[in-house]
Amino acid sequence: MHEVSIAEGILSAVKSTLVNEPQAKVTSVTVSIGELAGIEIQALLFAWDSVTRGTLADESKLVINRVAGEAWCMKCAKNVALHRHGDPCPSCGGYQLMPVKGHELKVDSLELSFDET
Ligand SMILES: [Zn+2]
């Protein structure tokens, strides 16, 4: 499953950020995911729970920030909303679209707690 490797990628980014913080426990991770990134959110949330089990991010929450997709329409000569690859331009109905935004996948922020023990 595609989303499992994405969840593993997020987790390894989190781990490398915290490499000098051995006491840190992750309570939540916020990521930005574009509409056009082709990621199934429900599947990703599910994958997150399973890949983080037993790690520093065990029981952490994955918070997802959806970034709207956008494409350049050659006919309209402007940027238009694009929610899915293969959709037509919402203003002219054409298909001469070049996606410009919505493919991102990045870790925005982490929330941590520090164990006293
Ligand atoms: Zn158009």
Side-chain angles (χ1 to χ4, degrees):
M1 199 168 75
H2 176 60
E3 279 73 15
V4 171
S5 53
I6 292 165
E8 283 168 348
I10 297 170
L11 180 61
S12 82
V14 168
K15 279 182 177 163
S16 57
T17 308
L18 297 177
V19 75
N20 296 317
E21 302 282 0
Q23 309 296 337
K25 281 271 294 165
V26 178
T27 53
S28 90
V29 179
T30 304
V31 292
S32 280
I33 297 178
E35 270 187 331
L36 304 177
I39 297 169
E40 193 75 56
I41 300 300
Q42 284 313 315
L44 180 60
L45 292 172
F46 184 79
W48 181 252
D49 283 345
S50 75
V51 304
T52 55
R53 202 158 297 149
T55 71
L56 77 177
D58 202 355
E59 289 182 6
S60 64
K61 208 167 91 188
L62 187 63
V63 181
I64 298 185
N65 214 344
R66 286 300 251 167
V67 180
E70 225 171 75
W72 171 258
C73 176
M74 299 192 197
K75 258 192 181 160
C76 302
K78 65 173 184 184
N79 280 345
V80 296
L82 180 67
H83 302 297
R84 256 183 332 157
H85 282 291
D87 276 1
C89 170
S91 32
C92 72
Y95 287 91
Q96 284 171 296
L97 299 174
M98 210 164 50
V100 292
K101 211 176 104 186
H103 291 102
E104 40 279 274
L105 166 61
K106 66 182 176 73
V107 178
D108 289 331
S109 61
L110 302 176
E111 258 172 51
L112 305 174
S113 71
F114 290 87
D115 225 333
E116 298 299 312
T117 52

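Whatever order the structure lists ligands and atoms in, that order sets their numbers, starting from 1.
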Report yes if some heavy atom in the side chain of D58 is under 4.5 Å from a heavy atom in the side chain of K25; otherwise report no.
yes
E104 side-chain N/O to G102 backbone N/O, donor-acceptor pair under 3.5 Å
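Flag set: sc E104 to bb G102 pair under 3.5 Å.
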Taking E3 for the side chain and E40 for the main chain, is one N or O donor matched with an acceptor at less than 3.5 Å?
yes
Cluster check W72, L97: I/L/V/M/F/W/Y, side chain < 4.5 angstrom:
no
Test side-chain contact (heavy atoms from CB on, under 4.5 Å) applied to L18 and L112, step by step:
CA-CA 10 Å; L18 297 177; L112 305 174; 3.8 Å; yes
Protein N/O/S atoms closer than 2.8 Å to the Zn ion (ligand 1), ordered by chain and number, come to C73 SG, C76 SG, C89 SG, C92 SG
Of the options I10, I6, L44, which is the one that meets I33 in a side chain to side chain contact (heavy atoms under 4.5 Å, CB included)?
L44
